[in-house]
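Here is the structure we will look at.
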Protein chains: 2
Amino acid sequence: MVTLKEIAEKAGVHPSVISKVVNGKPVSIRDDTRNRILALLKELNYQPNKAAQNLKKGSNRAIGMVVPDFFNTVYAEIIHGAENMAAQLEYTLFVYSLKQKELQDDYLPRSIKQQIDGILIASSDIDDSDVLALMDELPLVLVNRLSKGIDSYVVADDSGGAKKAVAHLLELGHTQIAHISGPLYTGTGLNRFQGYRAALNEKDIPFHPALMVEAPYSLVGGYNAMNELFKAPVQPTALFASNLLVAIGALKACNEHNIRVPDDLSIVTLHDAEIAAMMTPALTTVKLPLYEMGETAVKQLVSLIDENHKKGTVVEGTELIRRDSTKKWKR
Amino acid sequence: MVTLKEIAEKAGVHPSVISKVVNGKPVSIRDDTRNRILALLKELNYQPNKAAQNLKKGSNRAIGMVVPDFFNTVYAEIIHGAENMAAQLEYTLFVYSLKQKELQDDYLPRSIKQQIDGILIASSDIDDSDVLALMDELPLVLVNRLSKGIDSYVVADDSGGAKKAVAHLLELGHTQIAHISGPLYTGTGLNRFQGYRAALNEKDIPFHPALMVEAPYSLVGGYNAMNELFKAPVQPTALFASNLLVAIGALKACNEHNIRVPDDLSIVTLHDAEIAAMMTPALTTVKLPLYEMGETAVKQLVSLIDENHKKGTVVEGTELIRRDSTKKWKR
DNA sequence: CTGTTAGCGCTTTCAG
DNA sequence: CTGAAAGCGCTAACAG
């Protein structure tokens with residue numbers, strides 16, 4: 001690895017001159033020396049040493065992102081959006097999954113905390129109190145989650161999306177609409193539930209608690225919840241599932257119970273991904289702007305780092321994607 | 001952020017002494033000063049500055065991992081295994097997805113290359129030549145892929161797994177067994193294809209080229225390939241799909257063509273994940289030790305970094321998981 | 001326009 | 001047992 005000093009020797013100038021050239025500092029440098037240096041730089045393929053720069057400047061142009069795990073395509077899309085924006089802003093993005101265990105002694109290992117200038121938290125497995133503590137150490141923005149006392153976040157229009165999904169069901173003539181909600185201690189779970197309630201309200205359809213089950217955002221979560229629903233005193237003709245994985249799990253349960261989708265039960269869910277179209281029947285979804293959320297989150301974090309701009313944004317834009325899992329109700 | 005020097009001042013000793021205490025150096029230090037220092041360290045919550053350490057030592061205890069994208073649960077499992085082992089070995093793992101674009105000027109951005117001591121390549125989108133070039137710069141191990149001229153890799157027993165899958169079909173009485181292979185320019189695609197051939201050979205069943213279609217490892221890849229297969233002059237009674245996503249895509253195509261699985265067509269595939277059980281019918285798979293591969297890859301990379309041990313390992317252990325997509329053939 | 005100097009925070013070798 | 005000093009590679013303020 002060639003260093004500034006070496007270049008300086010070969011060029012017969014002082015290292016600091018090289019530094020100025022490399023960093024394009026607004027100082028005047030004689031053209032011939034500048035060119036000589038530039039040539040050398042290229043010839044020897046000079047690459048500044050990051051560790052030295054970091055030490056000197058006390059910053060890395062790197063940000064971290066914490067996701068619960070890598071199995072959920074919802075996060076995959078957020079990550080890709082974040083990666084893209086980070087690259088545009090010339091930041092490096094490091095992604096980690098964080099399980100409970102690691103939170104115990106320290107919220108984030110030092111090895112990570114010290115290499116980044118700010119962090120994106122996209123995991124709802126981390127307690128509010130831990131997030132608050134983290135916020136004292138680093139610029140932080142929440143992604144697709146909310147936390148008491150933190151007004152720096154990027155979320156989708158969960159309640160609007162939910163409302164749109166349920167309104168679709170309503171339009172199809174359904175009135176017995178079940179909801180498998182996300183965990184109600186999460187912002188997304190709560191907002192989606194509220195969207196569901198709001199849509200029902202608009203049509204003066206009473207909320208029936210027996211038609212609602214709370215479940216984690218996972219395949220088995222949806223599967224188990226649907227099985228719960230089968231035990232309800234009234235049977236729904238449609239289901240609004242809080243998330244794609246939940247919907248897939250619910251669909252499985254329906255298949256096992258010989259409930260035909262969409263003939264016996266219409267299903268609509270939030271989040272769109274390729275897999276939704278590959279299910280049988282292909283799932284009707286409301287697409288959330290996940291990619292954009294990732295982008296926005298990085299943009300916002302960087303502005304927080306650079307200018308201490310703190311704010312919350314909800315990325316608008318939800319889109320109903322009609323496929324084959326919803327159908328007009330007539331009986 | 002409190003520094004060594006500050007601690008030293010408060011303790012009334014020289015910074016270097018603190019350094020020795022912090023790092024548990026095998027030098028004798030009087031008990032009372034050591035305790036005094038230790039107390040101070042805790043009280044002020046001293047955290048060594050990583051950038052300074054990196055600069056000084058020229059190493060980071062960090063490794064990178066490159067995956068094609070975050071949508072594939074196959075990689076999710078490898079990542080989790082790698083994360084786990086990295087944590088055990090006290091390395092930090094940074095994961096990135098790498099698309100074509102970024103490869104153009106430089107295989108890996110400097111911002112990343114310089115922060116890591118070695119790299120795991122789990123993406124087959126990167127050309128062999130690029131991988132070779134990268135290997136000149138960094139200790140490198142290939143994960144779940146092979147590359148000409150690189151004998152540092154960790155792969156699963158792809159051909160053994162494939163053979164096991166096809167043997168299962170054979171045992172069920174199938175003889176017209178189609179194969180949707182992975183890209184044959186990849187090591188995994190090739191090995192799985194060979195396993196398929198080997199299983200057929202053992203039962204003296206001729207290989208029928210019309211029953212084989214090459215496809216990328218993706219949902220649409222499988223979907224399109226299956227549609228190709230429907231045009232074949234002979235119709236298979238069973239399918240061996242090279243990968244779980246491919247199988248899901250193929251299943252979708254079958255559903256659209258009213259081919260009942262498993263009655264008209266049995267399907268078996270490689271890789272197991274929760275989603276396999278959630279399909280209807282639940283997919284029979286051969287489980288590959290992905291998590292272990294991730295672990296092994298990190299272990300091997302670290303031994304390459306520390307002791308320059310270069311080797312290739314195939315992580316053995318494949319397991320047939322019978323579910324509902326395969327069935328005895330009788331007609 | 002170019003050079004000097006100092007120092008980021010830490011580790012390590014050598015001396016006391 | 002503890003201190004001094006040097007230096008990793010780079011940057012920035014200041015001097016020449």
Side-chain angles (χ1 to χ4, degrees), chain A residues 1-41 44-62 90 92 110-111 113-117 137, chain B residues 1-41 44-62 90 92 110-111 113-117 137:
Chain A
M1 194 92 296
V2 44
T3 69
L4 266 196
K5 213 161 66 173
E6 289 166 29
I7 306 266
E9 273 167 23
K10 304 217 196 232
V13 297
H14 194 271
S16 65
V17 181
I18 315 282
S19 172
K20 283 163 198 154
V21 172
V22 170
N23 297 303
K25 278 284 140 78
V27 282
S28 30
I29 287 178
R30 226 189 302 132
D31 267 1
D32 61 329
T33 65
R34 153 168 275 126
N35 289 143
R36 189 155 33 100
I37 292 173
L38 251 19
L40 240 8
L41 251 25
L44 302 180
N45 185 30
Y46 170 72
Q47 311 255 113
N49 179 309
K50 254 255 163 200
Q53 287 181 321
N54 293 346
L55 175 57
K56 183 70 191 178
K57 307 215 212 161
S59 122
N60 268 16
R61 286 195 87 75
E90 302 196 292
T92 306
R110 179 184 70 90
S111 55
K113 233 165 12 190
Q114 292 209 354
Q115 316 244 45
I116 58 181
D117 303 321
E137 309 192 50
Chain B
M1 192 95 298
V2 45
T3 69
L4 267 196
K5 212 160 69 172
E6 288 166 29
I7 306 267
E9 271 166 23
K10 304 214 195 232
V13 296
H14 194 271
S16 64
V17 181
I18 314 282
S19 172
K20 282 162 199 157
V21 172
V22 170
N23 296 303
K25 278 284 141 70
V27 284
S28 29
I29 286 176
R30 226 189 302 130
D31 267 3
D32 60 329
T33 64
R34 154 168 275 127
N35 290 142
R36 190 155 33 100
I37 292 172
L38 253 18
L40 242 4
L41 252 24
L44 303 180
N45 185 30
Y46 170 71
Q47 310 255 113
N49 178 310
K50 255 255 163 198
Q53 287 180 323
N54 293 346
L55 175 57
K56 184 71 193 174
K57 305 212 209 163
S59 123
N60 268 13
R61 287 195 86 74
E90 301 195 293
T92 306
R110 178 184 71 90
S111 55
K113 233 166 16 192
Q114 291 209 357
Q115 315 244 46
I116 57 180
D117 302 321
E137 309 192 50

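Throughout, a chain's letter reflects where its sequence line sits, starting with A, and its residues are numbered from 1.
Counting only N and O atoms by type, the side chains of A/N60 and A/N54 include a donor and acceptor under 3.5 Å apart.
Remark: C1' of C/dT2 and CZ of A/R30 are 8 Å apart, rounded to the nearest angstrom. With rounding to whole Å, B/Q114 atom CD is found 11 Å from D/dG9 atom P. Spacing between atom CD of A/E6 and atom C1' of D/dC8 amounts to 13 Å, rounded to whole angstrom units.
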Can A/V2 and A/N45 be said to form a side-chain contact (heavy atoms from CB on, under 4.5 Å), step by step? CA-CA 8 Å; A/V2 44; A/N45 185 30; 5.7 Å; no
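For B/S16, the side chain to side chain donor-acceptor pair (under 3.5 Å) partners at least two apart in sequence or on another chain are B/H14. Checked against side chain to side chain donor-acceptor pair (under 3.5 Å), A/N23 has the following partners two or more places apart in sequence or in another chain: A/S19.
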Contact letters for nucleotides 8-16 of chain C, in which S counts primed atoms plus P, OP1 and OP2 and B counts the base, heavy atoms under 4.0 Å: BBBBBB---
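You'll find the side chain of A/L41 reaches within 4.5 Å of the side chain of A/I18, heavy atoms only.
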